[in-house]
Amino acid sequence: MDSVIKLVVPLLLVFFSSLLFGDITGVESSKHQQEQQYSYGSTKLFAFGDSYVDTGNIKKQEAVAPWAFPYGNTYPGTPSGRFSDGRVSTDYLATKVLKIKTPIPYQWKDHAGHERLQYGMNFAVGGTGVFKTTSSNLNMTYQINLFEQVIGDVYSPSDLSSSLALVSVAGNDYLTYVAEHGGVDLGIFIFMKQVIHQTEVNLRRIHALGVKKVAIPLLQPLGCLPLFAKASSYQKCNDIINAFVIIHNNELKKVVANLNKETKQSTFMVIDYYNAFLTVFNNKGEKPGSQKFETPYKACCGGLCGSVDKNGQKNYTLCDDPMSSFFWDGLHPTQEGWKSVYSVLNLTALSN
Ligand SMILES: *[C@@H]1O[C@H](CO)[C@@H](O)[C@H](O)[C@H]1NC(C)=O
Ligand SMILES: *[C@@H]1O[C@H](CO)[C@@H](O)[C@H](O)[C@H]1NC(C)=O
Ligand SMILES: *[C@@H]1O[C@H](CO)[C@@H](O)[C@H](O)[C@H]1NC(C)=O
């Protein structure tokens with residue numbers, strides 16, 4: 001298992017990241033701020049973090065995920081820099097919850113017109129953690145620095161009067177810890193404290209820069225990722241990993257509750273990906289908006305998704321119908337997976 005982890009982790013990290021919604025802790029802040037319309041009058045979404053929210057910030061490199069076939073095959077039909085066959089969480093949060101267009105990736109901001117910039121911007125890059133990871137030297141602090149520069153250059157503080165940040169910390173820090181320590185040891189709990197603390201620092205800073213609401217997804221059940229479910233031939237999740245995730249999530253919820261106490265408002269919200277993912281996995285048809293996935297822990301694109309050898313031979317297998325699969329690759333949901341997760345989350349508090 002260790003050698004498997006060592007082999008797979010660098011790949012995973014690149015792929016990994018994450019975001020949003022489930023149970024929302026706290027009560028929505030009263031929304032009696034004036035609806036001032038500036039040139040950028042729309043609600044804006046600013047995304048930070050990893051591959052669960054990245055919609056195209058990885059530098060384009062043919063033949064490497066997420067810029068290789070079959071990434072993006074369902075939507076937009078060609079690789080778009082998303083770690084999925086199609087849309088990811090950011091797309092659903094923007095279009096279904098906030099009713100705005102998907103914010104432009106930072107990388108393309110100079111090619112976007114004003115019309116597009118009014119929906120906010122996506123700073124997330126696949127592989128990112130709150131700290132440096134095995135796949136990225138650029139931590140989330142770096143993304144927030146870019147955001148700070150953009151305020152002033154592109155947006156004025158008043159443009160943020162209606163804005164939401166989506167802050168995805170989906171597990172790259174932990175995958176890096178495991179890779180660097182050759183497995184899990186007790187030190188991971190000390191590391192967890194550091195991850196939670198740095199997450200708190202990041203949330204505070206994003207809010208201090210003027211973003212009105214800050215949403216942070218709880219960790220998804222990492223033990224159910226195909227990467228880890230593989231050990232049971234995709235029959236079950238790894239309970240030990242999920243137990244670790246629950247501890248992380250409880251700590252994160254405490255931090256968020258404290259932040260809201262400080263601001264005397266429900267500025268910060270957690271989105272319960274943990275339970276939303278489980279609800280979708282266990283759906284037997286009673287959740288109308290969600291697909292019923294027969295083998296939810298198995299990836300549609302198995303092996304080294306997107307990778308071909310020198311002779312053009314695929315190093316992966318592809319399922320017949322990505323719509324019937326919750327996971328796209330070892331770490332990331334399919335479009336249908338994300339869509340189902342969003343259908344079971346109650347995000348009313350975010351759209352107010
Ligand atoms: C993020 O990266 C920068 C540049 O390497 C570094 O100076 C900073 O200390 C890092 N922050 C964290 C929280 O790791
Ligand atoms: C891809 O598959 C070939 C065999 O088909 C194997 O030799 C090669 O190591 C694989 N590449 C990677 C990156 O695993
Ligand atoms: C969703 O959450 C809001 C509070 O944020 C609540 O008022 C509403 O009843 C919930 N809707 C459903 C369908 O549970």
Side-chain angles (χ1 to χ4, degrees), residues 13 17 20-32 43 48-50 57 92-93 96-99 106 123-149 164-177 179-180 187-188 190-209 212-218 248 251-253 255-257 260 265-273 275-276 278-280 283 286-290 340-352:
L13 286 175
S17 57
L20 280 233
F21 295 70
D23 232 50
I24 289 156
T25 309
V27 186
E28 234 335 84
S29 55
S30 54
K31 53 155 193 155
H32 48 267
T43 294
F48 301 88
D50 45 39
N57 278 319
Y92 286 105
L93 179 63
K96 301 293 179 201
V97 182
L98 303 178
K99 317 279 191 215
Y106 175 83
F123 299 90
V125 182
T128 302
V130 294
F131 300 121
K132 177 173 170 309
T133 66
T134 53
S135 61
S136 178
N137 287 324
L138 302 177
N139 51 36
M140 191 187 283
T141 307
Y142 177 79
Q143 295 176 15
I144 306 172
N145 293 347
L146 295 181
F147 175 53
E148 189 167 12
Q149 287 167 22
L164 172 74
L166 176 57
V167 184
S168 179
V169 185
N172 286 324
D173 293 292
Y174 293 129
L175 292 178
T176 296
Y177 183 96
E180 287 178 352
I188 200 162
I190 295 168
F191 183 62
M192 181 194 279
K193 278 197 115 155
Q194 295 164 350
V195 169
I196 298 275
H197 174 72
Q198 188 58 43
T199 302
E200 177 180 357
V201 168
N202 294 353
L203 294 175
R204 275 180 198 279
R205 188 169 162 220
I206 291 167
H207 179 239
L209 287 170
K212 296 299 166 193
K213 293 186 205 175
V214 182
I216 176 149
L218 296 182
H248 168 102
E251 293 304 311
L252 185 57
K253 282 192 264 189
V255 160
V256 168
N260 283 330
Q265 279 188 332
S266 296
T267 304
F268 300 89
M269 287 161 279
V270 300
I271 302 173
D272 192 353
Y273 268 7
N275 283 303
L278 291 185
T279 299
V280 172
N283 177 33
E286 72 282 7
K287 298 275 174 192
S290 165
S340 296
V341 166
Y342 273 75
S343 77
V344 303
L345 288 166
N346 178 358
L347 302 177
T348 316
L350 293 185
S351 54
N352 288 334

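Whatever order the structure lists them in is the order used to number ligands and atoms, beginning at 1. The basis for the numbers below is simple: all heavy atoms, side chains too, and nothing from hydrogens, waters or symmetry mates.
The neighbour count for Y142 OH, taken as heavy atoms of other residues, nucleotides or ligands under 6.0 Å away, does not exceed 12.
Ring pair F191/F131 is tilted by interplanar angle, where 30° to 60° counts as tilted.
The NZ atom of K253 sits 11.0 Å away from atom NE2 of H248, with the distance rounded to the nearest 0.5 Å. Interatomic distance, L203 CG to I216 CD1, rounded to the nearest 0.5 Å: 4.5 Å. Here the OG1 atom belonging to T133 is positioned 7.5 Å from the CG atom belonging to D173, to the nearest 0.5 angstrom.
Protein non-hydrogen atoms do reach within 4.0 Å of atom 11 (N) of ligand 1.
The protein atom (non-hydrogen) at minimum distance from atom 5 (O) of ligand 1 is N137 O, 4.5 Å.
Heavy-atom contacts of Q198 reach the following atoms of ligand 1: 13 (C) (cutoff under 4.0 Å). If you number the atoms of ligand 1 from 1 as listed, the ones under 4.0 Å from a heavy atom of F131 come out as 13 (C), 14 (O).
In this structure, of T348, N346, L350, the residue bringing a heavy atom nearest to atom 2 (O) of ligand 3 is N346. Of all the listed residues (N202, T199, T141, N139), N139 holds the heavy atom that lies closest to atom 6 (C) of ligand 1.
Side-chain contact, N145 with Q149: no donor N or O sits under 3.5 Å from an acceptor N or O.
Contacts of K132 with ligand 1, taken as heavy-atom pairs under 4.0 Å, are absent altogether.
Within the 4.0 Å heavy-atom shell around ligand 1 one does not find Y142.
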